[in-house]
Amino acid sequence: MRRITLINGDGIGPEISNAVAKIIEASGLKIDWDVQTAGADVIEKEGVPLPERVLNSIRENKIALKAPVTTPIGKGFRSVNVQLRKELDLYANLRPCKNLPNVETKFDNVDIVVVRENTEDLYAGIENQIDENRAESIKIITREASMRICKFAFDYAVKNGRKEVCVVTKANIMKLSDGLFLECFRNVAANYPNIEKREILIDNLCMQLVQNPQKFDVLVLPNLYGDIVSDLCAGLIGGLGVAQGANIGKDYAVFEPVHGSAPDIQGQNKANPTALLLSAIEMLKYIGEFSYAQRIERALFMTLKAGICTADLGGVSTTDDFANAIIRHL
Ligand code: ATP
């Protein structure tokens, strides 16, 4: 039986992870969940929000499903999410954004996968206060990180039957840094003759995404553009309740929804488990369990088509009702 780390998080985390684990179990797929607590709730006992045991569990199991974890603000703790990414070298942030049945959005047929570089760019944290009136942030782009993220995007395209990979930069202005990213894209692209290539500037991409999002397939971007564009794309398909994600590296992969722990609706049986469920479905595809992934996805779509959904999508179902409806559709 496959052992997978399950970080059930805090806020709405435990509610949605229970729902998702229940749905996966009902699909017939047996998973040995290695449940790990993290976040605000463990600080009192263990002193930190991300104890070493959580990292060790992921190192051992290689794969984790993670519900949202809050990092307490102003207490000197590093963000749990950033720390996970750094410690496990999860260099690729993957955000598939696809329309869901009955989830009302401005556009139909959106099916975009955003691949964001996760380790450098302006997020390298190199900032200087030059004097009282001037500050600078340094944008780091390296050949190594750019090559591996572009390769990741093309490999993803091949593995998932996608047609095109489009690189997004501002290489006409940042000729050296974005220019290097673009050069790496071209080098990598040459090894994938069956995938179409496209190059676009970030400003043009933004305009086209809000006019014709159907024109895009897989996007690969440096960290900062990737951060912004992935939220834009999440908005295109219905927002936080349905936006899935994953952080993936050479050795480990952590699948998690985009949304936070939503303390405002915690414990009310109101949270939408869809984003975590979609993350789990992507995880099942990643580990090669395609038939279970498809089965669960179909049941989710049928449930939404039947008009059953949680309050954030305009429905009346509780988290449990919604999960039970998906289980019925399995
Ligand atoms: P963080 O800084 O941790 O990302 P945040 O407060 O910025 O947290 P969220 O916790 O994602 O953002 O919540 C933003 C809003 O979206 C809240 O009103 C919350 O109730 C709502 N929300 C987020 N996730 C869900 C969900 N799964 N189901 C229903 N509502 C949600």
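None of the values given here were measured: they were computed from a predicted structure. Counting from 1, the numbers follow the sequence of the chain as shown. Every number for a ligand or one of its atoms is a count from 1 in the order of the listing.
- Salt-bridge annotation for Asp178 and Lys139: present, with a side-chain N of the basic residue lying under 4.0 Å from a carboxylate O of the acidic one.
- At least one cation-pi condition fails for Arg116 and Tyr225: the charged atom is not both under 6.0 angstrom from the six-membered ring centre and inside a 45 degree cone around its axis.
- Scanning all protein heavy atoms for the shortest distance to atom 17 (C) of ligand 1 gives Asp264 OD2, 3.4 Å.
- Distance from atom 4 (O) of ligand 1 to its nearest protein heavy atom, with residue and atom name: Gly260 CA, 3.6 Å.
- Ligand 1 places these atoms under 4.0 Å from at least one heavy atom of Ala271: 28 (N).
- Among His259, Gln266, Lys270, the residue whose heavy atom lies closest to atom 24 (N) of ligand 1 is His259.
- Glu117 and Thr119 form a side-chain donor-acceptor contact under 3.5 Å, judged by distance and modelled atom types alone.
- The single protein non-hydrogen atom nearest to atom 27 (N) of ligand 1 is Asn272 O, 3.0 Å, given as residue, atom name and distance.
- In this structure a side-chain-to-backbone donor-acceptor pair under 3.5 Å is present from Asp217 to Lys163.
- In this structure, the protein non-hydrogen atom closest to atom 31 (C) of ligand 1 is Ile265 CD1, 4.1 Å.
- Under the 4.0 Å criterion applied to side-chain N and carboxylate O atoms, Lys98 and Glu297 are not assigned as salt-bridge partners.
- Taking the six-membered ring where the residue is Trp, Tyr192 and Phe154 present parallel rings, their angle staying beneath 30° rather than reaching 60°.
- What sits closest to atom 22 (N) of ligand 1 on the protein, heavy atoms only, is Ala262 CB, 4.0 Å.
- A salt bridge is defined here as a Lys NZ or Arg NE, NH1 or NH2 lying under 4.0 Å from an Asp or Glu carboxylate O, and Lys62 with Asp251 fails to meet this definition.
- The Leu240 neighbourhood of ligand 1 comprises atoms 11 (O), 14 (C), 16 (O), with distances under 4.0 Å to a heavy atom of that residue.
- By the criterion of a heavy-atom distance under 4.0 Å, the side chain of Ile12, and not its backbone, is placed next to ligand 1.
- At a heavy-atom cutoff of 4.0 Å, ligand 1 is contacted by the backbone of Ser261 but not by its side chain.
- Within a 4.0 Å radius of atom 10 (O) of ligand 1, the protein contributes at least one heavy atom.
- If you check the side chains of Glu60 and Asn56, you find no donor sitting under 3.5 Å from an acceptor.
- For atom 20 (O) of ligand 1, the nearest protein heavy atom is under 4.0 Å away.
- Of the charged side-chain nitrogens involved, at least one lies within less than 4.0 Å of a carboxylate oxygen, so that Arg53 and Glu46 count as a salt-bridged pair.
- Not a single heavy atom of Ala275 sits under 4.0 Å from any atom of ligand 1.
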